[in-house]
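To start, the structure itself, in structure tokens.
Each chain gets a letter, A, B and so on, in the order the sequences are listed, and its residues count up from 1. If you're wondering where the values come from, they're calculated on a predicted model, not measured in any experiment.
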Number of protein chains: 2
Amino acid sequence: MRTIEWRDGTVVTIDQTRLPHETVFLKMRNCREVAEAIKTMKIRGAPLLGAAAAFALALVAYHSKAERKGELLGELGSAAEILKSTRPTAVNLFWAIDRILDKARSFSGNTRDLAAFVVEEAQRIADEDAAANRLIGRHGAELIHDGDVILTHCNAGALATVEYGTALGVIRAAWEQGKKIKVVATETRPKLQGAMLTAYELKRDGIPVTLITDSMVGYVMYKRLVSKVIVGADRIVRDAVINKIGTYTIAVLAKQHNIPFYVAAPKSTFDLTRSSEDVAIEERRPEEVTHIGPQRIAPKGVDVLNPAFDITPLEYVTAIICEDGVLHGEDFVKFKANL
Amino acid sequence: MRTIEWRDGTVVTIDQTRLPHETVFLKMRNCREVAEAIKTMKIRGAPLLGAAAAFALALVAYHSKAERKGELLGELGSAAEILKSTRPTAVNLFWAIDRILDKARSFSGNTRDLAAFVVEEAQRIADEDAAANRLIGRHGAELIHDGDVILTHCNAGALATVEYGTALGVIRAAWEQGKKIKVVATETRPKLQGAMLTAYELKRDGIPVTLITDSMVGYVMYKRLVSKVIVGADRIVRDAVINKIGTYTIAVLAKQHNIPFYVAAPKSTFDLTRSSEDVAIEERRPEEVTHIGPQRIAPKGVDVLNPAFDITPLEYVTAIICEDGVLHGEDFVKFKANL
């Protein structure tokens with residue numbers, strides 16, 4: 001199945017906090033349940049957040065008892081506020097909500113047709129993401145060769161998207177083409193998406209994967225155990241890629257070791273009217289650092305920093321892989337100019 | 001008390017795997033118990049490993065029933081082999097063992113006097129380490145100024161030494177001089193010595209400390225939240241500093257951000273007849289990466305890399321702080337030449 005699906009007035013997804021130990025499905029019936037699942041990271045990954053927010057609005061429309069369009073638009077607007085307050089950094093969430101609200105506001109049919117249209121539009125957003133990931137995979141795979149060992153961070157896989165994945169989509173596509181590759185996955189503290197999700201996805205698909213702690217990135221590059229880096233993105237702005245905390249550390253090390261550093265993301269992650277200074281970096285609960293699961297590791301009362309994302313200036317990025325193709329520095333400049 | 005002490009034919013230390021949750025003392029009666037505590041990292045930290053190995057030989061000598069010197073020397077030699085097979089990278093362990101064996105072999109008194117001498121020599125090694133740390137602190141504190149925010153990795157504190165600490169000794173000395181400083185401690189996966197030991201030591205002493213995950217080092221440097229780095233060392237060879245995994249990652253980032261990178265270590269950590277290629281980097285159990293404490297975080301059967309140390313070439317090191325003073329690049333070259 002896809003990571004997220006619409007099923008007769010419910011939205012079904014996998015609880016990502018329970019993997020790799022058990023596969024638990026979440027069945028969500030209203031917008032608040034989706035918002036809660038996003039906040040607690042049962043649903044995570046920038047493209048998936050876009051699809052989840054879209055389906056949350058679809059739930060509102062589908063179950064609405066509104067008799068006038070204005071009333072339904074009001075309900076959608078309130079739901080949008082709840083959804084937008086969940087997590088501030090990944091832009092896909094805002095992009096999907098605004099796309100649906102904009103189209104709903106200019107919709108010319110009756111209330112019932114509008115409700116059906118919102119459900120269809122959410123489904124289109126999910127379908128487009130699935131298609132974009134396949135294209136990203138196809139374009140990105142051209143950069144991958146036999147013998148490559150690809151380091152990836154966090155989880156930009158099927159679980160971060162509707163299906164297939166962005167960074168892991170590139171790796172999957174290369175693997176499906178028969179290229180002999182290996183993957184090095186960082187565990188990605190504090191939430192351990194690399195250990196819990198990426199290692200799980202790749203192992204399930206039979207793609208060779210070696211798990212390391214985040215602190216080992218320098219060592220594996222120094223020892224020439226890695227030939228390329230591919231990561232996803234939560235938001236790509238004019239001057240930088242904003243992605244999971246630790247990405248910038250890896251990008252600096254990659255540049256120092258002359259290792260190409262690729263970012264794979266659909267255009268729904270692009271936010272090219274903004275620059276990095278305009279973006280709020282989410283600061284999450286200190287317990288994510290002082291604890292691992294329920295287990296306390298640090299002394300009580302210790303101060304903590306817990307930014308969920310960091311900022312990688314474009315000078316560290318060899319190319320951005322999107323559904324349109326591989327955008328090297330010049331191409332990305334042209335892409336921005338043509339918006 | 002000191003981190004390790006000789007008490008009437010026993011060696012007493014703190015079980016470092018139980019901190020910060022509880023303070024449990026280990027009372028060791030023979031060499032095998034010390035070797036086991038080293039292997040399981042109940043005792044860790046390069047200078048402390050030197051003192052622990054010395055006291056382990058003291059236990060052998062103290063409890064020996066040997067009637068001839070050759071017999072006692074044989075027992076010491078066997079014990080040395082057991083101790084040397086515990087952990088391969090920190091040089092202090094080998095240095096302390098060889099120092100005692102060399103002196104014991106050329107000792108001219110009788111068997112009983114030799115046994116007493118070995119105990120005294122072990123105590124001297126511990127006392128010298130305590131004194132060296134105070135000197136390292138005094139020299140290093142001259143580099144620290146009001147307003148500095150010092151990033152440190154792993155635990156190079158009182159718990160890694162006989163007392164006071166190397167990197168944390170510098171921080172302690174600056175703090176005791178009234179300098180207004182703060183510390184950023186990396187948690188240091190896989191064994192979490194930063195979260196469990198460094199945060200604990202600094203909090204206990206009232207020195208402001210903020211805990212981060214290892215992946216956040218790039219972010220805090222990018223945001224200019226850190227002004228200096230000080231770490232310890234497990235072995236300093238002609239061309240590099242070998243220290244806890246993650247040190248090289250931090251050194252590359254520090255250089256990229258023009259942040260001074262200092263290494264604090266006693267001369268017992270120097271191994272200047274060797275270069276980095278000659279040193280075995282300990283690879284530890286995969287469970288340290290796939291689990292955190294008893295809790296599994298990664299899927300079963302995933303491949304893992306778990307080097308306990310990495311190699312930081314001297315070009316990344318601003319200066320080495322030892323008991324003789326602060327050795328900048330030129331000084332260290334002279335220091336090596338004068339050996």
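A 4.5 Å side-chain heavy-atom check between Glu282(B) and Pro307(B) finds every atom pair outside the cut-off. Inter-residue side-chain proximity for Leu202(B) and Leu168(B) is flagged as met; some heavy-atom pair is nearer than 4.5 Å.
A donor and an acceptor atom, one from each side chain of Thr89(A) and Asp234(A), are nowhere located under 3.5 Å apart. In summary, the side chains of Thr198(A) and Asn155(A) do present a donor paired with an acceptor at a separation below 3.5 Å, with no hydrogens or angles considered. Using a 3.5 Å distance cut-off with no hydrogens or angles, the side chains of Ser276(A) and Asp239(A) do pair a donor with an acceptor. No side-chain N or O of Asn306(B) forms a donor-acceptor pair with one of Glu283(B) less than 3.5 Å apart. Arg235(B) and Asn243(B) are not linked by any side-chain donor-acceptor pair at a separation below 3.5 angstrom, with hydrogens and angles left out of the test.
Among Val302(B), Ile297(B), Val304(B), the residue making the largest number of heavy-atom pairs under 4.5 Å with chain A is Ile297(B). Per-residue counts of heavy-atom pairs under 4.5 Å with chain A were compared for Val289(B), Val252(B), Ile292(B); the largest is that of Ile292(B). Ranked by heavy-atom pairs under 4.5 Å with chain A, the list Thr247(B), Ile212(B), Ile311(B) is led by Ile311(B). Comparing Leu211(B), Asp310(B), Thr312(B) by how many heavy-atom pairs each has under 4.5 Å with chain A, the most go to Leu211(B). Of the listed residues Val217(A), Thr186(A), Val209(A), the one with more heavy-atom pairs under 4.5 angstrom with chain B than any other is Val209(A). With respect to chain B, the highest number of heavy-atom pairs below 4.5 Å among His153(A), Met221(A), Arg296(A), Glu288(A) belongs to Arg296(A). Considering only heavy-atom pairs separated by less than 4.5 Å from chain B, the leading option among Ser215(A), Ala298(A), Gly218(A) is Ser215(A). Annotation: maximal heavy-atom pairing with chain B below 4.5 Å, among Asp214(A), Thr290(A), Thr213(A), occurs at Thr213(A).
Interface remark: Arg204(B) contributes no atoms to any contact with chain A (heavy atom separation under 4.5 Å). At a 4.5 Å heavy-atom cutoff, the contact between Ile281(A) and chain B is made by side-chain atoms alone. Interface remark: Pro299(A) contributes backbone and side-chain atoms alike to the contact with chain B (heavy atom separation under 4.5 Å). Only the side chain of Leu192(B) comes within less than 4.5 Å of a heavy atom of chain A; its backbone N, CA, C and O stay farther away. Heavy atoms closer than 4.5 Å to chain B are found in the side chain of Val220(A), but not in its backbone. For Lys255(A), no part sits under 4.5 Å from any heavy atom of chain B, backbone or side chain. Contacts between Pro313(B) and chain A at a heavy-atom distance below 4.5 Å involve the side chain alone, from C-beta outward. Contacts between Leu225(B) and chain A at a heavy-atom distance below 4.5 Å involve the side chain alone, from C-beta outward.
Cation-pi geometry between Lys244(B) and Phe309(B) is met: the NZ or CZ atom falls under 6.0 Å from the ring centre, inside 45° of the normal.
Here the closest heavy-atom approach between residue Gly232(B) and residue Thr166(B) is recorded as CA-OG1, 4.1 Å.
Sorted by first and then second residue, the pairs that involve residues 194-252 of chain B and meet ring-ring contact (aromatic ring centres under 6.0 Å, His included), not counting sequence neighbours, are Tyr222(A)-Tyr248(B), Tyr248(A)-Tyr222(B), His257(A)-Tyr248(B), Tyr248(B)-Tyr316(B).
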